[in-house]
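Naming: A, B, ... by sequence-line order, numbering from 1 per chain.
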2 protein chains.
Amino acid sequence: MLKIQDVARHAGVSAATVSRVLNGRATVNPELAARVHAAVVELGYRPNGVARNLRRRQTTLWAVLVSDVGNPFFTSLVRGVEDGGRQFGYSVVLCNTDENRAREAEYIAVALADNMAGIIISPADDATDISALVAAGTAVVTIDRELADTDVDAVLVDNEKGAEQATTHLLDSGYRRIACITGPRRMSTAMERLRGYQRALKSFGVPQDRALIRHADFREDGGYSAMASLLDEGVDFDAVFVANNLMTVGAVECLTEREVTVPDQVGVIGFDDIPWARLFRPSLSYVSQPTYELGRAAAQLLADRIDNPNRPTTRMVLQTELHPRESTRRK
Amino acid sequence: MLKIQDVARHAGVSAATVSRVLNGRATVNPELAARVHAAVVELGYRPNGVARNLRRRQTTLWAVLVSDVGNPFFTSLVRGVEDGGRQFGYSVVLCNTDENRAREAEYIAVALADNMAGIIISPADDATDISALVAAGTAVVTIDRELADTDVDAVLVDNEKGAEQATTHLLDSGYRRIACITGPRRMSTAMERLRGYQRALKSFGVPQDRALIRHADFREDGGYSAMASLLDEGVDFDAVFVANNLMTVGAVECLTEREVTVPDQVGVIGFDDIPWARLFRPSLSYVSQPTYELGRAAAQLLADRIDNPNRPTTRMVLQTELHPRESTRRK
DNA sequence: CTGAAAGCGCTAACAT
DNA sequence: ATGTTAGCGCTTTCAG
């Protein structure tokens, strides 16, 4: 491997000068600079990033911690982070945590050990510990969820309003006995979406009924079981708001299996996009989150934070969008 | 930041000994080792990975180059790579190339500059140039596609057989005028799948007809336009084999829009998985690739190659699986 | 504006 | 088995 000294010798200048030319951090005699560039080309020199990182005590790596890229929500979010990162000269290390705290901690340790410049994290839950990162001065942006005790940049979605939008749409469509399948109590997103649902009911003067509410685990099985329990318990409902994409799929499967017709017997609206949901029959109504933009925004915030570690923390809230389709179109 | 010298001083041993204990590469007096471990804990020491990488001239980073994680085929593949990588102690840098050669070259340069231990690549096309990687001794595994001129490890799918399976299934279901929408001529996967289609027709003694074959770009729009052209040109066909997931979606959309009934007027079978395709109506028949396993296998090969740079190259071929659903179930 | 020299934190060779 | 020493390749003082 060629080193900067080789280039320096070839160009007849000092290594310091080569470095200055290559990094454009200081003014160098144009004639010398030209010689350096020529030497670089002639020798086919490539700077060694690792050595640079050691000396600068900074890498150009970001870690992005999500529960699972397989979830379309995160797929697109990660894509946004990567595109944003590339724009600022960072590469993105993909870290799937499966909502597993040990895995999460492991990845945080790696980010620390490898001196990564920053990390974007969708915390497994409120107990996620990023204190080591903060202590080490690593830039952190949380995405989708907020951390209770730590003051870091966050990119969020207005979950409450989104859920209200969804529920209001059901009410507007004439449904009145509306069930809600949301996520675990310890997850802020689940609770916010539940509140939005309740707010909508209240606005319409529709009575609340605890029997209509189910907490599941944000996964397909969870949605399936929650729907099954609603049906098995003979709960009287004519529509359901499901608080994330995977659970919506599960709930719909359960309905299909039991030959409950959507949207006539039961109207369905989901939260989050599902790829190609328009090909489902009936096609699914849903409230979409700007997942790609979430990723882009997080990247922007992280890059800013790295450049300016002392600026006050930012909290960005993006809005959702309603997509009415067949599953809420009552005849 | 704490360094190894600090630990050494605290434990009353040499830095070399600390290093030996931490890396378990040599036998150390258990008593000394205990002191080292204690010192590490007391001081809260974390080894600096960048320094280690510089000294060892190797990182624990892999780059995975795919066209787009958004494509479910790659989503799951990348997930497989990550899980495999983690098992061997590597982190995975996600690189979306969008089939763009410049972007691809850019990422290869980054992998080289950052001394990444290896790269897993699904080449944009035959012209992808990995010679710099080979020259630098970086371990390379290609996935999904092979590179014409370079002898590197590859993990592939038996595309020809898979396509034959799909087409045979259509023939078994009684369809006889079977169209084929495949990918660009310069992509090996597209041509292999076309050959499989042709082989199946031949086995059944069904005449070939060039009018039934379309080359599109492996994207949703491509599938849509190809289907539109078949219909617009009044080509006589009763079924179609579509050679990848996105094009299948496009083709089905076109059929739905024009109110062509599937599977009665036209039977449809796709190649590649589509998430939750069982919720489509009609549900889609398809031939699946073991995408996750593809990623795992590539990770295994890459780890092996890094440990043993001189072993002969391996070419792994995985098999597809037929999933008959409603879209080929003629009444 | 340019060069010399030191050192980022670690590990591998060598010496004991 | 342990310690000493040198050096991975770069950037950043510090002098001049």
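Under 4.0 angstrom from either OP1 or OP2 of D/dC10 there lies no side-chain N or O belonging to A/Lys3. For A/Asn53 and C/dC8, the shortest distance from a side-chain N or O to OP1 or OP2 is not below 4.0 Å.
If you take CD1 of A/Ile4 and P of D/dG9, they are 12 Å apart, rounded to a whole angstrom. Rounded to an integer number of Å, the gap from B/Arg9 CZ to D/dG3 P is 14 Å. Summarising the geometry, the separation between CZ on A/Arg25 and P on C/dT2 is reported as 18 Å, rounded to the nearest angstrom. When the P atom of D/dG9 is taken as reference, atom CG of A/Leu2 falls 10 Å away, rounded to whole Å. The distance between atom CG of B/Asp6 and atom P of C/dC8, rounded to the nearest whole Å, is 11 Å. B/Leu54 places its CG atom 17 Å from the P atom of C/dG7, with the value rounded to the nearest Å. When the C1' atom of D/dC10 is taken as reference, atom CZ of B/Arg55 falls 15 Å away, rounded to whole Å. Atom pair B/Leu22:CG and C/dT11:P shows a separation of 8 Å (rounding to whole Å applied).
With rounding to the nearest 0.5 Å, the separation of CG in A/Leu246 from CZ in A/Arg219 is 9.0 Å. The CE atom of A/Met116 sits 11.0 Å away from the CG atom of A/Asn53 when rounded to the nearest 0.5 Å.
Taking the charged nitrogens against the carboxylate oxygens, A/Lys3 and A/Asp6 have no contact shorter than 4.0 Å, which rules out a salt bridge. Contact check on B/Arg86 versus B/Asp83 returns a salt bridge, with a Lys/Arg side-chain nitrogen under 4.0 Å from an Asp/Glu carboxylate oxygen. Ion pairing between B/Glu99 and B/Arg186 fails under the 4.0 Å rule for side-chain N and carboxylate O. The pair A/Arg315-A/Asp151 does not meet the salt-bridge criterion, since no charged nitrogen lies less than 4.0 angstrom from a carboxylate oxygen. Note on B/Arg79 versus A/Asp98: salt bridge recorded, some NZ/NE/NH1/NH2 to OD/OE distance being below 4.0 Å.
Take the nearest nucleotide of DNA chain C for A/Gln5 and for A/Pro30: the residue whose nucleotide is more 5' is A/Pro30. Position along DNA chain D of the nearest nucleotide to B/Arg57 versus B/Asn29 favours B/Asn29 as the more 5'-ward residue.
Within residues 11-21 of chain A, the residues approaching DNA chain C are A/Val13, A/Ser14, A/Ala16, A/Thr17, A/Arg20, by heavy-atom distance under 4.0 Å. Remark: A/Leu32 in residues 32-40 of chain A come within less than 4.0 Å of DNA chain C through at least one heavy atom.
Within 4.0 Å of B/Val50, counting heavy atoms only, lies no atom of the nucleic acid at all.
Here the closest heavy-atom approach between residue A/Ala136 and residue A/Leu112 is recorded as CB-CD1, 3.7 Å. In terms of heavy-atom proximity, B/Arg20 sits nearest to B/Ala26 at CD-CB, 3.7 Å.
Checking side-chain atoms of B/Asp114 against main-chain N and O of A/Gly49 turns up no donor-acceptor pair under 3.5 Å.
Looking at B/Ile143 and B/Leu77, their side chains come closer than 4.5 Å, going by heavy atoms from C-beta outward. Counting only heavy atoms from C-beta outward, the side chains of A/Leu318 and A/Leu156 never approach each other to under 4.5 Å.
Stem analysis of DNA chain C (Watson-Crick or G-U pairs, both distances under 3.5 Å, runs of at least three) returns C:1-16 with D:1-16.
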